[in-house]
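Everything numeric in this text was worked out from a predicted model, so none of it was measured.
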Amino acid sequence: MYHELADLNRAAPADFCAAVGDTFELAPWVAEAVVGQRPFASVTALHEAMMGAVRAAPRDRQLAFVCGHPDLAGKAARAGALTAESRHEQASVGLDTLSEEEFARFHRLNDAYKEKFGFPFIVCVRRHTRDSILNQFERRLRHDAATEFATALQEIAFITRLRIVAKVTGEGMPRVDGRLSTHVLDTHAGRPAMGVAIELYEFTGDRAHRIATAVTNADGRTDAPLIGGRPLPIGRYELRFAVGDHFRSRGIEQGDPPFLDIVPLRFSIAEPEGHYHVPLLCTPWSYSTYRGS
């Protein structure tokens with residue numbers, strides 16, 4: 001349910017806290033700490049005030065708040081004991097469908113992390129692929145405690161920013177969405193390539209699984225972004241373009257079988273709120289790409 005910022009600014013304190021209090025995991029005190037700062041000029045200002053309350057809290061309260069977050073793919077998740085927000089977030093990256101081997105790996109990493117730092121590993125899973133989460137685990141285990149506590153708070157800022165955007169609408173929305181787009185230019189004909197089938201794959205280890213399909217329109221573009229309306233998960237991807245079918249439909253002699261059939265472009269995403277435009281320029285015998293805008 002969306003709440004208008006203007007309505008929240010006028011609401012009774014208890015109603016304000018009820019509307020946004022659960023955006024911070026098991027910590028209604030965060031909303032209570034900022035209710036007196038109203039009116040907020042923007043949704044961004046509301047979120048920044050709430051994060052400011054967390055950062056200004058005494059260290060023992062901060063630590064208790066951080067420790068209230070669940071393990072990733074932990075026993076609580078398997079037992080169904082997560083908050084609705086955490087359950088949805090972990091499911092969005094497939095942490096609810098891990099194999100026994102994958103679950104055991106997450107369990108080992110969770111235990112090693114908590115043994116070293118004394119609080120759970122926290123990452124905004126909606127900004128990552130499963131591979132990226134595991135890479136973060138391995139890399140962050142090498143941090144010192146102060147660096148890692150600061151990182152945990154920053155990840156909470158990312159998590160709660162997405163939760164606020166899902167609940168509150170109004171002026172000055174935080175930027176949380178990225179966009180992945182493409183187009184195909186037939187440089188042999190000197191015009192956009194219409195009707196090219198495109199598949200987008202995401203990598204987990206050495207395995208690629210398809211996450212989107214599209215067909216180019218008269219402008220050589222897809223009607224909608226391949227990923228849009230949400231953060232772009234950090235990770236490795238591959239676009240596959242059926243250019244052989246395109247040139248065959250134009251009656252172009254390509255050889256039998258054709259020299260180029262499916263053209264793969266493998267690339268990585270590192271900016272969840274960025275715009276990645278990955279075009280294909282092709283002839284029946286060559287192709288090129290670049291990161292566009």
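- Residues Leu280 and Val196 fail the side-chain proximity criterion, which asks for heavy atoms closer than 4.5 Å.
- Within the 4.5 Å cutoff, no side-chain heavy atoms of Asp71 are placed close to those of Phe106.
- Residue Gly244 comes nearest to Gln254 through the heavy atom pair O-NE2, 3.3 Å, listed as atom of the first residue, atom of the second, then distance.
- Ring geometry for His183 versus His277: interplanar angle under 30°, hence parallel rather than tilted (30 to 60°).
- In this structure, Arg163 and Glu89 have side chains that are in contact, with non-hydrogen atoms separated by less than 4.5 Å.
- Remark: of the listed residues Phe119, Phe65, Phe117, Phe119 is the sole one forming a ring pair (Phe, Tyr, Trp, His ring centres under 6.0 Å) with Phe149.
- In terms of heavy atoms, Val35 sits closest to Pro13 at CG2-CA, 3.7 Å.
- A salt bridge is defined here as a Lys NZ or Arg NE, NH1 or NH2 lying under 4.0 Å from an Asp or Glu carboxylate O, and Arg130 with Glu102 meets this definition.
- Panel note: side chain Asp131, backbone Gly205; a donor-acceptor pair is recorded below 3.5 Å.
- Between Ala214 and Thr222, the shortest heavy-atom distance links the atoms CB-CG2, 3.5 Å.
- At most 12 non-hydrogen atoms from other residues, nucleotides or ligands lie less than 6.0 angstrom from CE of Met194.
- Salt-bridge annotation for Glu4 and Arg10: absent, with no side-chain N of the basic residue lying under 4.0 Å from a carboxylate O of the acidic one.
- The backbone N or O of Gly195 sits less than 3.5 Å from a side-chain atom of Thr216, completing a donor-acceptor pair.
- The CD atom of Glu202 sits 5.0 Å away from atom CD1 of Ile211, with the distance rounded to the nearest 0.5 Å.
- Side chain of Ser86 to backbone of Thr83: no donor-acceptor contact under 3.5 angstrom is found.
- Judged by distance alone, with hydrogens and angles left aside, the side-chain atoms of His143 form no donor-acceptor pair with the main-chain N or O of Glu148 at under 3.5 Å.
- Counting heavy-atom neighbours within 6.0 Å of Gln154 CD, excluding the residue itself, gives a total above 12.
- A donor-acceptor pair under 3.5 Å links the side-chain atoms of Glu253 to the main chain of Gly255, judged by distance alone.
- Of the possible polar contacts, none joining the His188 side chain to the Trp285 backbone as a donor-acceptor pair under 3.5 Å is found.
- Using a 4.0 Å cut-off between charged side-chain N and carboxylate O, Asp111 and Arg108 make no salt bridge.
- Within the 4.5 Å cutoff, the side chain of Val66 has heavy atoms near those of the Leu153 side chain.
- At distances below 3.5 Å, at least one donor-acceptor pair connects side-chain atoms of Glu155 with backbone N or O atoms of Cys124.
- Annotation for Arg38 and Asn9: closest pair NH1-O, 3.6 Å, computed over non-hydrogen atoms.
- Surrounding CZ of Arg139 are more than 12 heavy atoms belonging to other residues, nucleotides or ligands, all under 6.0 Å away.
- Side-chain contact between Ser181 and Leu226: absent, with no pair of heavy atoms (C-beta onward) separated by less than 4.5 Å.
- No donor-acceptor pair closer than 3.5 Å links the side chain of Asp177 to the backbone N or O of Gly228.
- Looking at heavy atoms from C-beta onward, His246 lies in side-chain contact with Arg250 at the 4.5 angstrom threshold.
- Considering every non-hydrogen atom in both Arg140 and Tyr113, the closest pair reads NH2-OH, 3.8 Å.
- Side chains of His128 and Ser132: a donor-acceptor N/O pair is present below 3.5 angstrom, by distance only.
- In this structure, the side chain of Thr213 does not engage the main chain of Glu199 through any donor-acceptor pair within 3.5 Å.
- Inter-residue side-chain proximity for Leu180 and Pro225 is flagged as unmet; no heavy-atom pair is nearer than 4.5 Å.
- For the atom pair CZ (Phe158) and CE (Met51), the distance works out to 10.0 Å, reported to the nearest 0.5 Å.
- Between the side chains of Ser293 and His275, not a single donor N or O lies within less than 3.5 Å of an accepting N or O.
- Pro70 and Glu25 get closest at one heavy-atom pair: CD-OE2, 3.7 Å.
- Between Tyr201 and Arg266, every side-chain heavy-atom pair lies at or beyond the 4.5 Å cut-off.
- Here the rule is side chain to side chain contact (heavy atoms under 4.5 Å, CB included) with Ile156, and of Thr151, Val123, Ile122 only Ile122 fits it.
- A cation-pi contact, defined as under 6.0 Å to the ring centre and within 45° of the axis, is absent between Arg291 and Phe267.
- Of the inter-residue distances, the one linking Asp96 atom CG with Arg87 atom CZ reads 10.0 Å to the nearest 0.5 angstrom.
- Each of Arg175, Arg127, Arg126 was evaluated against Glu273; a single residue qualifies, Arg127, per the salt bridge (charged side-chain N to carboxylate O under 4.0 Å, His left out) test.
- Put simply, OG1 on Thr23 and CD1 on Ile164 are 4.0 Å apart, with the number rounded to the nearest 0.5 Å.
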